[in-house]
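Here's the structure, in structure tokens; my notes come after.
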Amino acid sequence: MGPHHVNPEEAVKIHQDVNARYSVGVHWGTFELTDESLDEPPAKLAAARSAAGLAPERFSLMAHGETRRIADLLVR
């Protein structure tokens, strides 16, 4: 899936490279398309985020069906 997706470590690097205030991982856990378990991407994102010194609220995941208002993020 590499040509079309990034892994959690790459996602954190992109977050840093574009100097993002907030990032949200959205494309995970819906379909089992790879050899990894469905819960592996969130665990890897948490590890990559921690290794980069990013606070959890700066790069988070949403639960399936969850919605968020962007304006709520911007006022923090």
Side-chain angles (χ1 to χ4, degrees):
M1 306 298 276
H4 306 289
H5 297 87
V6 297
N7 64 39
E9 296 82 9
E10 293 166 332
V12 168
K13 179 74 168 113
I14 292 167
H15 171 91
Q16 294 172 314
D17 288 350
V18 302
N19 199 29
R21 288 175 58 193
Y22 298 97
S23 293
V24 179
V26 295
H27 196 181
W28 65 274
T30 305
F31 300 104
E32 197 167 339
L33 299 174
T34 66
D35 292 337
E36 67 190 13
S37 64
L38 293 176
D39 62 347
E40 188 174 324
K44 284 189 168 186
L45 179 63
R49 186 181 57 222
S50 178
L54 283 175
E57 65 271 10
R58 295 293 181 190
F59 198 142
S60 60
L61 296 175
M62 296 194 324
H64 292 262
E66 179 182 352
T67 59
R68 293 187 189 170
R69 289 174 29 103
I70 293 174
D72 293 342
L73 293 174
L74 299 178
V75 297
R76 292 183 183 173

The reported gap from CZ in Arg49 to CZ in Arg58 (rounded to nearest 0.5 angstrom) is 12.5 Å
Apply side-chain hydrogen bond (donor to acceptor under 3.5 Å, both in side chains) to Glu40 and list each qualifying residue two or more places apart in sequence or on a separate chain.
Lys44
What are the two closest heavy atoms between [X] and [Y], and how far apart are they?
X: Ala20; Y: Ser23; answer: CB-OG, 3.8 Å
X: Phe59; Y: Val24; answer: CE2-C, 4.2 Å
X: Pro42; Y: Leu61; answer: CB-CD1, 3.4 Å
X: Pro8; Y: Ala48; answer: O-CB, 4.1 Å

